[in-house]
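First comes the structure, then the notes that go with it.
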Amino acid sequence: MTSNSPAHPDHRFIEALLANDDGLIREIYDRYSRETIQWIARNKGNADDARDIFQEALIAITLRARKRSFVLTCSFGAYFFLVVRGKWYNELRKRSQRMVTSQPWEGLIEKGEDIEKLAEETLLEHQREMLFQEKLRQLPERCRELLQLSWKGSKMEEVARQMGVTYAYARKKKSECIASLVASIQDAKEFIQLF
Amino acid sequence: MKELYDLFESYLEKELTEKEIQAFELKLKEDSPFREQFESYQALRRQYQDSWKHEETDHSLKQTLQTLGNEYFASPPKKKIAPLWFIIPTLAAACALLVFLFRPGADLYTRYFQAPPAAFTEKGDGQQWYQQAEQAYNQGDFATASGLMDSILQKNPDAVQIAFYKGISLLELGQLAACRAVLEPLAEGTSSFSEDAQWFVSMAYLKEKNYAASLSELQKIPAGSVWEEKAEILKKELKKKLK
């Protein structure tokens with residue numbers, strides 16, 4: 001999965017996700033939706049679960065593909081199904097059901113450390129992103145607004161002006177908001193597993 | 001901690017004096033817990049910045065995925081996402097009754113067997129073979145199709161879809177034991193072809209007029225399968241034959 005390895009022809013699906021190319025993304029659904037529904041159904045889920053997991057897996061892959069440029073060197077299906085499987089097992093854990101490991105996904109699961117590592121990283125990064133967004137949403141609105149303005153690149157003088165507060169207050173408030181955000185992330189029960 | 005984050009922000013926003021920058025960078029070099037805290041903070045900040053940077057494209061992508069998701073995963077899912085040839089068994093089940101009424105002497109296999117057209121969605125090594133195999137199969141040249149599928153399966157032993165059509169090709173060629181050897185593992189597996197493979201294993205027995213085995217295989221088709229209706233009608237016919 002390094003940029004030195006030759007690209008698999010399926011790398012075009014990664015490009016499609018990054019560019020929101022709905023024609024090619026439709027091909028992903030054509031190829032894998034049926035298999036996903038059947039596998040989820042065998043593992044205590046329904047079509048709605050399959051739809052959500054399918055979508056989340058594609059978002060996770062997009063996030064991973066964007067973070068560090070990587071070249072897909074295995075088939076997209078093999079990578080995708082490992083991510084779907086991981087996502088669904090996480091969901092089952094959340095629902096406190098026992099994992100159903102006796103229903104393997106035959107056919108498209110490839111064995112290999114590289115692909116399994118890539119899928120694992122993809123899942124972790126997406127979980128981290130979801131945790132970060134959840135904790136940001138829990139901050140007071142003024143905090144979110146302040147951090148967003150500042151981290152998007154506005155100077156603090158401009159942030160203070162836009163928010164109608166003094167520069168000194170904006171500085172002080174920003175440090176408080178950051179401390180509160182970081183603490184809430186670190187206090188999350190999944191923090192240790194994700195970092 | 002507030003002071004620490006204030007310091008990190010001042011450094012990242014380039015608000016420190018030259019002297020303060022030197023002191024900060026020296027601390028980064030020499031104080032590893034400090035460096036780790038800074039790096040974690042920087043990674044967190046970058047992650048939010050990255051999310052906001054892609055906010056619009058993420059939103060558009062989610063809309064695309066939601067639209068496609070509703071189209072492909074709507075309930076009942078099979079009806080929405082089934083390829084065209086999956087409609088055939090249902091229609092064929094209805095037609096089978098008519099066929100039975102008007103062609104009472106016709107062979108059961110001839111009346112019930114209908115080869116599914118191929119549209120290969122799996123692609124792997126040896127891509128040129130997929131197209132040629134699909135073409136040969138759809139033109140009824142099952143010997144050529146079977147040979148090409150062997151080549152594909154040698155390179156991609158896990159290509160379930162190809163294995164399935166290889167089984168159908170063998171059925172068409174009358175190589176019934178070989179057909180069952182290919183389809184039975186698929187029928188017992190958990191791939192999306194398991195129910196289809198189960199139906200065609202039954203067809204392989206039907207072709208050699210082994211009605212008991214054909215019936216026994218039909219009984220393995222689960223409730224709710226796209227083959228259920230057709231299987232129920234055929235089961236009744238087979239039971240009459242076995243009386």
Side-chain angles (χ1 to χ4, degrees), chain A residues 9-10 17-18 20 22 25-31 33-39 41-42 46-48 50-52 54-55 58-59 62 66-67 75 77 103-110 128-129 132-133 136 147-148 150-153 155-156 171-172 174-176 178-179 181-183 185 195, chain B residues 1-10 13 15 40-41 44-54 57-58 60-78 80-83 121-124 127 156 158-161 163 185-186 189-195:
Chain A
D10 285 355
L17 288 168
L18 291 172
N20 190 17
D22 56 356
I25 295 173
R26 178 177 285 279
E27 199 177 323
I28 300 175
Y29 279 80
D30 274 336
R31 283 186 176 207
S33 58
R34 189 163 168 251
E35 196 119 11
T36 304
I37 289 173
Q38 297 200 347
W39 185 79
R42 289 190 184 99
N46 57 31
D48 289 343
R51 181 195 57 213
D52 296 346
F54 198 96
Q55 180 171 326
L58 291 179
I59 289 170
T62 310
R66 205 169 58 201
K67 287 244 154 172
S75 79
Q103 299 284 350
W105 202 328
E106 78 171 24
L108 285 164
I109 293 288
E110 278 178 18
R128 261 183 234 138
E129 171 69 13
F132 282 9
Q133 293 304 330
L136 184 73
L147 290 181
Q148 195 157 355
S150 167
W151 284 351
K152 273 183 165 176
K155 290 279 172 203
M156 282 312 287
R171 286 292 304 245
K172 180 172 159 279
K174 182 179 167 187
S175 303
E176 283 173 8
I178 293 171
L181 177 65
V182 173
I185 290 171
F195 294 89
Chain B
M1 292 306 273
K2 280 186 286 179
E3 293 73 23
L4 187 69
Y5 296 130
D6 195 33
L7 176 63
F8 288 165
E9 279 294 306
S10 299
E13 293 291 334
E15 291 169 349
S40 300
Y41 176 72
L44 174 134
R45 188 182 194 265
R46 206 179 289 133
Q47 181 140 352
Y48 281 114
Q49 286 174 322
D50 207 42
S51 294
W52 290 326
K53 191 173 140 195
H54 294 99
T57 50
D58 281 349
S60 311
L61 177 66
K62 273 183 193 163
Q63 280 187 325
T64 303
L65 299 181
Q66 267 162 12
T67 306
L68 289 169
N70 290 335
E71 185 181 333
Y72 280 77
F73 292 85
S75 293
K78 277 174 182 160
K80 277 278 182 189
I81 57 125
T121 52
E122 284 178 4
K123 294 282 155 76
Q127 286 210 27
N156 309 283
D158 294 332
V160 182
Q161 190 182 30
L186 292 182
T190 53
S191 79
S192 56
F193 287 92
S194 65
E195 291 169 10

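So that the names make sense, note that chain A is the first sequence line, chain B the second, and so on, each numbered from 1.
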At a heavy-atom separation under 4.5 Å, does A:Leu18 approach chain B through its side chain, its backbone, both, or neither? neither
Side chain to side chain contact (heavy atoms under 4.5 Å, CB included) against B:Ser194, all qualifying residues, sequence neighbours excluded: A:Arg42
Taking A:Arg171 first and then B:Glu15, would you say they form a salt bridge - that is, a charged N and a carboxylate O separated by under 4.0 Å? yes
Picking from B:Leu44, B:Leu61, B:Leu68, B:Asp6, which has the most non-hydrogen pairs under 4.5 angstrom with chain A? B:Leu68
For A:Ser150 and B:Glu13, the nearest pair of non-hydrogen atoms, with its separation, is O-OE2, 4.1 Å
With side chains defined as the heavy atoms from C-beta onward, is the minimum distance between B:Glu71 and A:Arg26 less than 4.5 Å? yes
If you apply the rule side-chain contact (heavy atoms from CB on, under 4.5 Å), what do you find for B:Tyr72 with A:Asp30, and how did you get there? CA-CA 8 Å; B:Tyr72 280 77; A:Asp30 274 336; 2.6 Å; yes
Any side-chain heavy atom of A:Glu129 sitting closer than 4.5 Å to one from B:Gln47? yes
Distance-only side-chain donor-acceptor flag, A:Ser175 / B:Glu3, under 3.5 Å: no
Side chain, backbone, both or neither: which part of A:Thr62 has a non-hydrogen atom closer than 4.5 Å to chain B? side chain
Given the options A:Ala50, A:Gly153, A:Ala183, A:Ala41, which has more heavy-atom pairs under 4.5 Å with chain B than any of the others? A:Ala50
With A:Arg34 as the cation and B:Phe73 as the aromatic partner, state whether NZ or CZ is under 6.0 Å from the six-membered ring centre and within 45° of the axis. no
Show, in sequence, the C-alpha distance, side-chain angles and deciding distance for B:Lys62 and A:Leu58, and conclude whether the side-chain contact (heavy atoms from CB on, under 4.5 Å) test is met. CA-CA 10 Å; B:Lys62 273 183 193 163; A:Leu58 291 179; over 6 Å; no
I'd like to know if the side chain of A:Asn20 pairs up with that of B:Thr64 as donor and acceptor (distance under 3.5 Å, no hydrogens or angles considered). yes
Among B:Gln63, B:Gln49, B:Arg45, B:Arg46, residue most engaged with chain A (heavy-atom pairs, under 4.5 Å): B:Arg45
Once rounded to the nearest 0.5 Å, what's the spacing between atom OG of B:Ser60 and atom CG of A:Asp22? 10.5 Å
So how far is it from B:Tyr48 OH to A:Leu136 CG, rounded to the nearest 0.5 Å? 5.0 Å
Applying ring-ring contact (aromatic ring centres under 6.0 Å, His included), can you list everything that pairs with B:Tyr41, at least two apart in sequence or on another chain? B:Tyr5, B:Phe8
Should A:Arg66 and B:His54 be marked as a side-chain contact (heavy atoms from CB on, under 4.5 Å) after you check the CA-CA gap, both sets of side-chain angles, and the distance that decides it? CA-CA 10 Å; A:Arg66 205 169 58 201; B:His54 294 99; 3.2 Å; yes
Can you list the steps and then say if A:Lys152 with B:Lys53 is a side-chain contact (heavy atoms from CB on, under 4.5 Å)? CA-CA 8 Å; A:Lys152 273 183 165 176; B:Lys53 191 173 140 195; over 6 Å; no
Answer with side chain, backbone, both or neither: which region of A:Leu17 has an atom nearer than 4.5 Å to a non-hydrogen atom of chain B? both
Given heavy-atom pairs under 4.5 angstrom as the criterion, report whether the side chain, backbone, both or neither of B:Glu9 touches chain A. side chain
What part of A:Lys174 lies closer than 4.5 angstrom to a heavy atom of chain B: side chain, backbone, both or neither? side chain
Close side-chain approach of B:Leu65 to A:Tyr29, heavy-atom, < 4.5 Å: yes
Hey, could you give me the CD/CD distance between A:Gln38 and B:Glu195, rounded to the nearest 0.5 Å? 6.0 Å
